[in-house]
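All of these numbers come straight from a predicted model, not from anything done at the bench.
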Amino acid sequence: MEQKGLSGFFEQFLSKESLFKNKQVLQSNYTPEEISYRDEQISQIANILAPALRKERPSNLFVYGKTGTGKTLSITYVAKQIEEVARQRELPVKVVYLNCKLKKIADTEYRLIAQLAREFGKEIPPTGLPTEEVYNIFCNALDQENAILLLILDEIDELAKRPTDEILYNLTRINTDMKNSQLSLIGISNSLIFAENLDPRVKSSLCEEDVIFAPYNALQLQHILKKRCLEAFHEGTLEEGLVEKCSAYAAREHGDARRALELLRVAAEIAERDSLVKVTIAHLDRAEEKIEKDKMVDIVTTQPRQFQLILYAIMIIYEKRNKNVFTGEVYELYKDLCQQTALRPLTQRRVSDVVGEFDMLGLINAKVISKGRYGRTREISVSPSLSSIPRLKKMLAEELALS
DNA sequence: GTCAATTCACATGAAAGAGACCACGGTCTAGTG
DNA sequence: CTAGACCGTGGTCTCTTTCATGTGAATTGACGA
(Lines give C-alpha, C1' and ligand atoms only; values in the text may rest on other atoms or scores of the structure.)
Protein backbone atom coordinates (compact mmCIF):
# COMPACT_ATOMS: atom_id res chain seq x y z
CA MET A 1 0.00 0.00 0.00
CA GLU A 2 1.23 3.48 -0.78
CA GLN A 3 2.15 5.57 2.19
CA LYS A 4 -0.09 8.40 1.23
CA GLY A 5 -2.99 6.04 0.89
CA LEU A 6 -2.26 4.60 4.28
CA SER A 7 -2.33 7.90 6.07
CA GLY A 8 -5.58 8.58 4.28
CA PHE A 9 -6.85 5.33 5.62
CA PHE A 10 -5.96 6.29 9.16
CA GLU A 11 -7.58 9.69 8.70
CA GLN A 12 -10.70 8.04 7.56
CA PHE A 13 -10.50 5.53 10.38
CA LEU A 14 -10.32 8.27 12.96
CA SER A 15 -13.11 10.30 11.48
CA LYS A 16 -15.39 7.31 11.54
CA GLU A 17 -17.66 7.09 14.53
CA SER A 18 -16.82 4.02 16.62
CA LEU A 19 -19.57 1.59 17.46
CA PHE A 20 -18.18 1.36 20.93
CA LYS A 21 -18.78 3.92 23.59
CA ASN A 22 -16.41 2.23 25.97
CA LYS A 23 -14.87 -0.96 24.75
CA GLN A 24 -13.14 -1.71 28.04
CA VAL A 25 -16.43 -2.66 29.59
CA LEU A 26 -16.44 -5.77 27.44
CA GLN A 27 -12.91 -6.79 28.26
CA SER A 28 -12.56 -9.65 30.69
CA ASN A 29 -10.48 -7.77 33.24
CA TYR A 30 -13.10 -5.08 33.69
CA THR A 31 -14.68 -4.86 37.12
CA PRO A 32 -18.24 -3.60 37.07
CA GLU A 33 -19.54 -1.41 39.85
CA GLU A 34 -21.99 -3.97 41.02
CA ILE A 35 -22.09 -7.67 40.51
CA SER A 36 -25.42 -9.10 39.56
CA TYR A 37 -26.90 -12.28 40.98
CA ARG A 38 -24.01 -12.92 43.30
CA ASP A 39 -25.26 -11.20 46.43
CA GLU A 40 -25.60 -14.42 48.32
CA GLN A 41 -22.10 -15.62 47.55
CA ILE A 42 -20.60 -12.25 48.22
CA SER A 43 -22.17 -11.98 51.63
CA GLN A 44 -21.10 -15.52 52.41
CA ILE A 45 -17.53 -14.71 51.47
CA ALA A 46 -17.65 -11.46 53.37
CA ASN A 47 -18.89 -13.28 56.45
CA ILE A 48 -16.13 -15.79 56.27
CA LEU A 49 -13.38 -13.25 55.72
CA ALA A 50 -14.60 -10.56 58.06
CA PRO A 51 -12.78 -11.86 61.16
CA ALA A 52 -9.58 -10.69 59.53
CA LEU A 53 -10.56 -7.17 60.49
CA ARG A 54 -10.62 -8.22 64.12
CA LYS A 55 -7.19 -9.65 63.71
CA GLU A 56 -8.51 -13.16 63.90
CA ARG A 57 -7.56 -15.64 61.26
CA PRO A 58 -10.49 -16.28 58.91
CA SER A 59 -11.19 -19.86 57.95
CA ASN A 60 -9.58 -21.12 54.82
CA LEU A 61 -11.99 -20.84 51.96
CA PHE A 62 -12.51 -22.86 48.87
CA VAL A 63 -14.49 -21.40 46.02
CA TYR A 64 -15.78 -23.52 43.24
CA GLY A 65 -17.59 -22.68 40.03
CA LYS A 66 -17.34 -23.00 36.29
CA THR A 67 -15.47 -20.45 34.21
CA GLY A 68 -17.15 -17.12 33.75
CA THR A 69 -19.44 -17.39 36.73
CA GLY A 70 -17.96 -14.44 38.57
CA LYS A 71 -15.81 -16.24 41.13
CA THR A 72 -12.71 -14.16 40.73
CA LEU A 73 -14.76 -11.03 40.37
CA SER A 74 -16.64 -11.59 43.61
CA ILE A 75 -13.61 -12.57 45.62
CA THR A 76 -11.52 -9.65 44.49
CA TYR A 77 -14.46 -7.37 45.12
CA VAL A 78 -14.79 -8.52 48.73
CA ALA A 79 -11.05 -8.47 49.20
CA LYS A 80 -10.84 -4.93 47.93
CA GLN A 81 -13.51 -3.80 50.35
CA ILE A 82 -11.73 -5.46 53.23
CA GLU A 83 -8.48 -3.85 52.22
CA GLU A 84 -10.22 -0.51 52.02
CA VAL A 85 -11.71 -0.78 55.50
CA ALA A 86 -8.41 -2.04 56.87
CA ARG A 87 -6.62 0.92 55.35
CA GLN A 88 -9.02 3.44 56.80
CA ARG A 89 -8.77 1.98 60.27
CA GLU A 90 -5.13 1.12 59.90
CA LEU A 91 -5.70 -2.53 60.53
CA PRO A 92 -2.93 -4.94 59.59
CA VAL A 93 -4.66 -6.88 56.85
CA LYS A 94 -2.92 -7.69 53.62
CA VAL A 95 -4.42 -9.27 50.54
CA VAL A 96 -2.41 -11.00 47.88
CA TYR A 97 -3.95 -12.29 44.71
CA LEU A 98 -2.07 -14.81 42.62
CA ASN A 99 -3.17 -16.66 39.56
CA CYS A 100 -1.49 -20.03 39.65
CA LYS A 101 -1.97 -20.53 35.97
CA LEU A 102 0.27 -17.68 34.94
CA LYS A 103 3.32 -19.21 33.40
CA LYS A 104 6.64 -18.12 34.85
CA ILE A 105 5.01 -16.37 37.77
CA ALA A 106 3.22 -18.69 40.08
CA ASP A 107 2.95 -22.07 38.44
CA THR A 108 5.43 -23.97 40.58
CA GLU A 109 6.15 -24.20 44.27
CA TYR A 110 9.34 -22.19 44.04
CA ARG A 111 7.84 -19.48 41.87
CA LEU A 112 4.77 -19.08 43.97
CA ILE A 113 6.68 -18.73 47.20
CA ALA A 114 9.17 -16.43 45.48
CA GLN A 115 6.35 -14.27 44.19
CA LEU A 116 4.87 -14.10 47.67
CA ALA A 117 8.19 -13.06 49.12
CA ARG A 118 8.39 -10.35 46.46
CA GLU A 119 5.03 -9.04 47.59
CA PHE A 120 6.76 -8.32 50.87
CA GLY A 121 9.49 -6.39 49.14
CA LYS A 122 12.10 -9.12 49.13
CA GLU A 123 14.37 -9.60 46.17
CA ILE A 124 14.15 -13.20 45.02
CA PRO A 125 16.02 -14.44 41.96
CA PRO A 126 13.96 -16.38 39.43
CA THR A 127 16.00 -19.49 40.16
CA GLY A 128 19.11 -20.58 41.98
CA LEU A 129 18.04 -20.59 45.60
CA PRO A 130 16.82 -23.65 47.43
CA THR A 131 13.03 -23.59 47.79
CA GLU A 132 13.45 -24.08 51.51
CA GLU A 133 15.34 -20.84 51.82
CA VAL A 134 12.81 -18.79 49.90
CA TYR A 135 10.17 -20.33 52.06
CA ASN A 136 12.01 -19.13 55.15
CA ILE A 137 12.49 -15.67 53.74
CA PHE A 138 8.79 -15.43 53.09
CA CYS A 139 7.85 -16.71 56.53
CA ASN A 140 10.10 -14.24 58.24
CA ALA A 141 8.90 -11.35 56.15
CA LEU A 142 5.30 -12.23 56.83
CA ASP A 143 5.92 -12.72 60.53
CA GLN A 144 7.54 -9.33 60.80
CA GLU A 145 4.55 -7.65 59.20
CA ASN A 146 2.49 -8.78 62.13
CA ALA A 147 -0.56 -9.02 59.95
CA ILE A 148 -3.33 -11.20 58.67
CA LEU A 149 -2.61 -12.28 55.13
CA LEU A 150 -5.44 -13.25 52.85
CA LEU A 151 -3.85 -15.27 50.11
CA ILE A 152 -6.08 -15.72 47.10
CA LEU A 153 -4.95 -18.51 44.82
CA ASP A 154 -6.82 -18.44 41.56
CA GLU A 155 -6.95 -21.60 39.47
CA ILE A 156 -5.52 -23.48 42.38
CA ASP A 157 -5.99 -26.76 40.55
CA GLU A 158 -2.88 -25.96 38.53
CA LEU A 159 -0.82 -26.39 41.67
CA ALA A 160 -2.15 -29.82 42.42
CA LYS A 161 -1.17 -31.09 39.01
CA ARG A 162 2.36 -31.65 40.21
CA PRO A 163 2.13 -34.44 42.68
CA THR A 164 5.67 -33.87 43.91
CA ASP A 165 4.96 -30.36 45.06
CA GLU A 166 4.02 -30.08 48.65
CA ILE A 167 3.12 -26.48 48.38
CA LEU A 168 -0.50 -26.64 49.38
CA TYR A 169 0.34 -28.75 52.35
CA ASN A 170 3.10 -26.38 53.36
CA LEU A 171 0.86 -23.38 53.01
CA THR A 172 -1.83 -24.89 55.18
CA ARG A 173 0.78 -25.61 57.80
CA ILE A 174 2.55 -22.32 57.63
CA ASN A 175 0.61 -20.80 60.51
CA THR A 176 2.26 -23.10 63.01
CA ASP A 177 5.63 -21.63 62.07
CA MET A 178 4.64 -18.09 62.78
CA LYS A 179 4.27 -16.20 65.99
CA ASN A 180 2.83 -12.87 64.96
CA SER A 181 1.17 -13.24 61.61
CA GLN A 182 -1.53 -15.50 60.31
CA LEU A 183 -2.38 -16.64 56.84
CA SER A 184 -5.71 -17.58 55.34
CA LEU A 185 -5.93 -19.40 52.08
CA ILE A 186 -8.62 -18.70 49.56
CA GLY A 187 -8.56 -21.21 46.76
CA ILE A 188 -10.47 -20.67 43.56
CA SER A 189 -11.02 -23.57 41.26
CA ASN A 190 -13.27 -24.41 38.39
CA SER A 191 -13.00 -28.10 38.85
CA LEU A 192 -14.67 -29.77 41.77
CA ILE A 193 -12.87 -33.00 41.03
CA PHE A 194 -9.72 -31.23 42.05
CA ALA A 195 -10.85 -31.09 45.65
CA GLU A 196 -11.82 -34.71 45.60
CA ASN A 197 -8.40 -36.14 44.89
CA LEU A 198 -6.53 -33.78 47.11
CA ASP A 199 -4.40 -35.07 49.92
CA PRO A 200 -6.89 -35.54 52.76
CA ARG A 201 -4.77 -33.51 55.16
CA VAL A 202 -4.76 -30.61 52.72
CA LYS A 203 -8.37 -31.04 51.83
CA SER A 204 -9.69 -30.80 55.33
CA SER A 205 -7.80 -27.65 56.10
CA LEU A 206 -8.28 -25.94 52.77
CA CYS A 207 -11.99 -26.61 52.63
CA GLU A 208 -12.85 -25.33 56.09
CA GLU A 209 -15.49 -23.30 54.30
CA ASP A 210 -16.66 -23.47 50.76
CA VAL A 211 -18.75 -21.35 48.47
CA ILE A 212 -20.23 -22.59 45.26
CA PHE A 213 -20.95 -20.47 42.23
CA ALA A 214 -23.69 -21.92 40.09
CA PRO A 215 -23.66 -21.05 36.39
CA TYR A 216 -25.78 -18.13 35.26
CA ASN A 217 -28.93 -19.07 33.43
CA ALA A 218 -29.88 -17.46 30.13
CA LEU A 219 -32.08 -14.87 31.76
CA GLN A 220 -29.44 -13.72 34.19
CA LEU A 221 -26.87 -13.60 31.44
CA GLN A 222 -29.21 -11.49 29.41
CA HIS A 223 -29.55 -9.07 32.23
CA ILE A 224 -25.82 -8.84 32.78
CA LEU A 225 -25.13 -8.36 29.11
CA LYS A 226 -27.75 -5.66 28.76
CA LYS A 227 -26.28 -3.75 31.63
CA ARG A 228 -22.81 -3.90 30.17
CA CYS A 229 -24.06 -3.03 26.72
CA LEU A 230 -25.54 0.18 28.00
CA GLU A 231 -22.07 1.27 28.97
CA ALA A 232 -20.19 -0.29 26.12
CA PHE A 233 -22.21 0.70 23.07
CA HIS A 234 -23.92 3.75 21.74
CA GLU A 235 -27.64 3.43 21.71
CA GLY A 236 -29.11 1.63 18.76
CA THR A 237 -25.97 -0.10 17.59
CA LEU A 238 -27.23 -3.52 18.49
CA GLU A 239 -29.88 -5.23 16.47
CA GLU A 240 -33.03 -6.24 18.28
CA GLY A 241 -32.68 -9.67 19.84
CA LEU A 242 -28.92 -9.74 19.60
CA VAL A 243 -28.29 -9.77 23.30
CA GLU A 244 -30.90 -12.45 23.76
CA LYS A 245 -29.26 -14.64 21.18
CA CYS A 246 -25.87 -14.02 22.61
CA SER A 247 -26.85 -14.99 26.11
CA ALA A 248 -28.58 -18.07 24.79
CA TYR A 249 -25.32 -19.08 23.15
CA ALA A 250 -23.38 -18.61 26.33
CA ALA A 251 -25.96 -20.28 28.54
CA ARG A 252 -25.64 -23.32 26.36
CA GLU A 253 -21.97 -23.34 27.21
CA HIS A 254 -22.41 -23.67 30.96
CA GLY A 255 -23.38 -20.03 31.56
CA ASP A 256 -20.04 -18.47 30.86
CA ALA A 257 -20.49 -14.70 31.08
CA ARG A 258 -16.95 -14.01 29.99
CA ARG A 259 -17.53 -15.85 26.78
CA ALA A 260 -20.76 -14.03 26.15
CA LEU A 261 -19.02 -10.70 26.49
CA GLU A 262 -16.21 -11.76 24.21
CA LEU A 263 -18.71 -12.92 21.65
CA LEU A 264 -20.42 -9.58 21.74
CA ARG A 265 -17.20 -7.65 21.47
CA VAL A 266 -15.90 -9.64 18.52
CA ALA A 267 -19.25 -9.40 16.76
CA ALA A 268 -19.13 -5.64 17.09
CA GLU A 269 -15.55 -5.54 15.90
CA ILE A 270 -16.50 -7.45 12.79
CA ALA A 271 -19.37 -5.10 12.14
CA GLU A 272 -17.09 -2.15 12.63
CA ARG A 273 -14.55 -3.49 10.20
CA ASP A 274 -17.29 -3.82 7.65
CA SER A 275 -18.06 -0.15 8.22
CA LEU A 276 -21.55 -0.91 9.37
CA VAL A 277 -23.41 1.01 12.00
CA LYS A 278 -25.43 -1.87 13.36
CA VAL A 279 -24.38 -5.19 14.78
CA THR A 280 -26.60 -7.98 13.54
CA ILE A 281 -27.20 -11.56 14.49
CA ALA A 282 -25.24 -12.65 11.45
CA HIS A 283 -22.22 -10.95 12.98
CA LEU A 284 -22.73 -12.99 16.09
CA ASP A 285 -22.44 -16.21 14.15
CA ARG A 286 -19.34 -15.01 12.42
CA ALA A 287 -17.90 -13.95 15.74
CA GLU A 288 -18.41 -17.36 17.21
CA GLU A 289 -16.68 -18.91 14.25
CA LYS A 290 -13.86 -16.43 14.36
CA ILE A 291 -13.19 -16.85 18.05
CA GLU A 292 -13.02 -20.56 17.62
CA LYS A 293 -10.71 -20.40 14.62
CA ASP A 294 -8.43 -17.79 16.09
CA LYS A 295 -8.06 -19.90 19.16
CA MET A 296 -7.17 -22.95 17.10
CA VAL A 297 -4.70 -21.17 14.84
CA ASP A 298 -3.13 -19.59 17.86
CA ILE A 299 -2.72 -22.88 19.65
CA VAL A 300 -1.29 -24.61 16.62
CA THR A 301 1.21 -21.96 15.64
CA THR A 302 2.58 -21.57 19.13
CA GLN A 303 3.36 -25.26 19.51
CA PRO A 304 6.99 -26.39 19.37
CA ARG A 305 8.24 -27.82 16.09
CA GLN A 306 8.15 -31.42 17.24
CA PHE A 307 4.54 -31.03 18.27
CA GLN A 308 3.62 -29.40 14.99
CA LEU A 309 5.24 -32.23 13.13
CA ILE A 310 3.21 -34.78 15.02
CA LEU A 311 0.03 -32.84 14.39
CA TYR A 312 0.94 -32.54 10.73
CA ALA A 313 1.42 -36.30 10.52
CA ILE A 314 -1.98 -36.85 12.09
CA MET A 315 -3.64 -34.44 9.69
CA ILE A 316 -2.05 -36.03 6.63
CA ILE A 317 -3.11 -39.54 7.48
CA TYR A 318 -6.54 -38.48 8.60
CA GLU A 319 -7.12 -36.55 5.40
CA LYS A 320 -5.89 -39.30 3.17
CA ARG A 321 -8.01 -41.92 4.82
CA ASN A 322 -10.81 -39.79 6.09
CA LYS A 323 -11.09 -42.28 8.86
CA ASN A 324 -9.74 -42.62 12.36
CA VAL A 325 -6.01 -42.91 12.77
CA PHE A 326 -4.00 -45.02 15.21
CA THR A 327 -0.97 -44.03 17.22
CA GLY A 328 1.39 -46.49 15.56
CA GLU A 329 0.77 -45.14 12.08
CA VAL A 330 1.20 -41.59 13.25
CA TYR A 331 4.49 -42.47 14.84
CA GLU A 332 5.80 -44.14 11.69
CA LEU A 333 4.93 -41.18 9.49
CA TYR A 334 6.26 -38.81 12.08
CA LYS A 335 9.61 -40.58 12.06
CA ASP A 336 9.75 -40.26 8.28
CA LEU A 337 8.96 -36.57 8.50
CA CYS A 338 11.69 -36.15 11.07
CA GLN A 339 14.17 -37.55 8.60
CA GLN A 340 13.04 -35.05 5.99
CA THR A 341 13.43 -32.13 8.35
CA ALA A 342 16.56 -33.42 10.05
CA LEU A 343 14.89 -33.42 13.42
CA ARG A 344 15.70 -36.05 15.98
CA PRO A 345 12.51 -38.03 16.52
CA LEU A 346 11.03 -38.27 19.97
CA THR A 347 10.36 -41.66 21.47
CA GLN A 348 7.01 -43.30 21.09
CA ARG A 349 6.40 -42.82 24.77
CA ARG A 350 6.68 -39.10 24.39
CA VAL A 351 4.62 -38.96 21.21
CA SER A 352 1.90 -40.80 23.05
CA ASP A 353 1.85 -38.05 25.64
CA VAL A 354 1.86 -35.36 23.00
CA VAL A 355 -1.16 -36.90 21.34
CA GLY A 356 -2.82 -36.86 24.73
CA GLU A 357 -2.01 -33.18 25.09
CA PHE A 358 -3.49 -32.41 21.68
CA ASP A 359 -6.63 -34.11 22.81
CA MET A 360 -6.75 -31.92 25.90
CA LEU A 361 -6.31 -28.84 23.76
CA GLY A 362 -9.22 -29.92 21.62
CA LEU A 363 -7.17 -30.08 18.44
CA ILE A 364 -8.00 -33.72 17.98
CA ASN A 365 -10.28 -36.30 19.49
CA ALA A 366 -8.41 -39.27 20.80
CA LYS A 367 -10.08 -42.20 22.44
CA VAL A 368 -8.27 -45.18 23.85
CA ILE A 369 -9.71 -48.33 22.35
CA SER A 370 -8.80 -51.95 22.44
CA LYS A 371 -8.70 -53.81 19.16
CA GLY A 372 -8.58 -57.11 20.91
CA ARG A 373 -5.94 -59.35 19.55
CA TYR A 374 -4.62 -56.40 17.58
CA GLY A 375 -3.68 -54.46 20.62
CA ARG A 376 -4.64 -51.27 22.35
CA THR A 377 -4.24 -47.86 20.85
CA ARG A 378 -5.71 -44.42 20.55
CA GLU A 379 -8.29 -43.82 17.93
CA ILE A 380 -7.52 -40.34 16.67
CA SER A 381 -9.66 -38.02 14.61
CA VAL A 382 -8.97 -34.40 13.79
CA SER A 383 -11.42 -32.09 15.48
CA PRO A 384 -13.91 -30.51 13.08
CA SER A 385 -13.02 -27.00 14.14
CA LEU A 386 -9.44 -27.70 13.15
CA SER A 387 -10.13 -29.34 9.82
CA SER A 388 -12.43 -26.48 8.90
CA ILE A 389 -9.47 -24.14 8.70
CA PRO A 390 -8.38 -24.64 5.12
CA ARG A 391 -4.98 -23.02 5.17
CA LEU A 392 -3.79 -24.63 8.33
CA LYS A 393 -2.12 -27.68 6.86
CA LYS A 394 -0.28 -25.57 4.31
CA MET A 395 0.74 -23.17 7.02
CA LEU A 396 2.18 -25.99 9.04
CA ALA A 397 4.00 -27.44 6.06
CA GLU A 398 5.55 -24.07 5.29
CA GLU A 399 6.55 -23.48 8.84
CA LEU A 400 8.17 -26.87 9.02
CA ALA A 401 9.82 -26.39 5.63
CA LEU A 402 8.27 -29.54 4.25
CA SER A 403 7.63 -30.18 0.59
C1' DG B 1 -20.49 -74.15 21.90
C1' DT B 2 -18.09 -72.50 26.16
C1' DC B 3 -14.54 -70.71 28.80
C1' DA B 4 -10.10 -69.48 30.38
C1' DA B 5 -5.57 -68.35 28.71
C1' DT B 6 -2.95 -65.85 25.47
C1' DT B 7 -1.54 -62.04 22.86
C1' DC B 8 -0.98 -57.71 20.74
C1' DA B 9 0.10 -52.75 20.54
C1' DC B 10 0.11 -49.64 22.70
C1' DA B 11 -1.34 -46.75 27.28
C1' DT B 12 0.22 -45.31 31.55
C1' DG B 13 3.52 -44.59 35.63
C1' DA B 14 7.75 -43.64 37.88
C1' DA B 15 12.17 -42.26 37.94
C1' DA B 16 15.95 -40.30 36.34
C1' DG B 17 18.84 -37.52 32.89
C1' DA B 18 20.05 -33.52 29.99
C1' DG B 19 20.53 -28.93 29.36
C1' DA B 20 19.15 -24.19 30.24
C1' DC B 21 19.03 -20.82 33.62
C1' DC B 22 20.67 -18.81 37.99
C1' DA B 23 23.12 -17.51 42.87
C1' DC B 24 26.86 -17.80 45.69
C1' DG B 25 31.51 -18.15 47.41
C1' DG B 26 36.27 -18.80 46.43
C1' DT B 27 40.30 -17.89 43.54
C1' DC B 28 42.89 -15.24 40.00
C1' DT B 29 44.28 -11.25 37.69
C1' DA B 30 45.21 -6.71 36.49
C1' DG B 31 45.06 -2.06 37.72
C1' DT B 32 45.83 1.45 41.37
C1' DG B 33 48.10 4.07 44.99
C1' DC C 1 45.06 -3.66 48.16
C1' DT C 2 40.86 -4.15 45.65
C1' DA C 3 37.39 -4.50 41.94
C1' DG C 4 36.09 -7.39 38.57
C1' DA C 5 36.60 -11.82 35.81
C1' DC C 6 36.23 -16.58 36.11
C1' DC C 7 35.19 -21.07 37.91
C1' DG C 8 32.95 -24.84 40.52
C1' DT C 9 29.10 -26.19 43.16
C1' DG C 10 24.53 -26.56 43.99
C1' DG C 11 19.84 -25.18 43.10
C1' DT C 12 15.16 -24.96 39.94
C1' DC C 13 12.58 -26.08 35.76
C1' DT C 14 11.18 -28.15 31.51
C1' DC C 15 11.38 -31.58 28.23
C1' DT C 16 12.76 -36.32 27.32
C1' DT C 17 14.24 -40.94 27.76
C1' DT C 18 14.38 -45.40 30.03
C1' DC C 19 12.43 -49.01 32.26
C1' DA C 20 8.42 -51.23 34.00
C1' DT C 21 3.85 -52.32 34.42
C1' DG C 22 -1.06 -52.24 32.95
C1' DT C 23 -5.00 -53.19 29.90
C1' DG C 24 -9.11 -54.95 27.28
C1' DA C 25 -11.05 -57.62 23.87
C1' DA C 26 -10.10 -60.64 19.61
C1' DT C 27 -8.12 -64.99 19.13
C1' DT C 28 -6.80 -69.51 20.36
C1' DG C 29 -7.13 -73.94 21.96
C1' DA C 30 -8.64 -77.26 25.38
C1' DC C 31 -12.66 -79.24 26.99
C1' DG C 32 -17.14 -81.29 27.42
C1' DA C 33 -21.73 -81.97 25.41
Checking side-chain polar atoms at under 3.5 Å, does [X] have a donor or acceptor matched by the opposite partner on [Y]?
X: A:Arg305; Y: A:Gln308; value: no
X: A:Arg173; Y: A:Ser205; value: no
X: A:Asn60; Y: A:Arg57; value: yes

Salt bridge or not for [X] and [Y], using N-O below 4.0 Å?
X: A:Glu379; Y: A:Lys323; answer: no
X: A:Lys94; Y: A:Glu145; answer: no
X: A:Arg87; Y: A:Glu84; answer: yes
X: A:Lys66; Y: A:Glu253; answer: no
X: A:Arg321; Y: A:Glu329; answer: yes
X: A:Arg265; Y: A:Glu269; answer: yes

Taking atom NZ of A:Lys278 as the centre, report whether more than 12 heavy atoms of other residues, nucleotides or ligands fall under 6.0 Å from it. yes
Measure [atom1]/[X] against [atom2]/[N] and give the value in whole Å, please.
X: A:Glu332; N: B:dC10; atom1: CD; atom2: C1'; result: 13 Å
X: A:Phe326; N: C:dA25; atom1: CZ; atom2: C1'; result: 14 Å
X: A:Leu346; N: C:dT18; atom1: CG; atom2: P; result: 11 Å
X: A:Gln115; N: C:dC13; atom1: CD; atom2: P; result: 13 Å
X: A:Tyr135; N: C:dG11; atom1: OH; atom2: P; result: 19 Å
X: A:Ile310; N: C:dT16; atom1: CD1; atom2: C1'; result: 12 Å
X: A:Tyr110; N: C:dT14; atom1: OH; atom2: P; result: 13 Å
X: A:Gln306; N: C:dT14; atom1: CD; atom2: P; result: 19 Å

Would A:Arg38 and A:Tyr216 count as a cation-pi pair here, with the cationic atom under 6.0 angstrom from the ring centre and within 45° of the axis? yes
If a protein heavy atom is under 4.0 Å from the base, mark B; if only from the sugar-phosphate, S; if neither, -; do that for nucleotides 18-23 of chain B going 5' to 3'. ---BBS
Can you figure out which of C:dC13, C:dG11, C:dT17 approaches the side chain of A:Pro130 most closely? C:dG11
Residues in residues 348-369 of chain A with a heavy atom under 4.0 Å of DNA chain C, by number, are A:Arg349, A:Arg350
So if I take residues 373-382 of chain A and measure heavy-atom distances to DNA chain C, which residues fall below 4.0 Å? A:Arg373, A:Tyr374, A:Gly375, A:Arg376
Indicate whether OP1 or OP2 belonging to [N] is found under 4.0 Å from a side-chain N or O atom of [X].
X: A:Thr131; N: C:dT12; answer: yes
X: A:Thr347; N: C:dT17; answer: yes
X: A:Thr327; N: B:dA11; answer: yes

A:Phe233 and A:Phe20: aromatic ring centres closer than 6.0 Å? yes
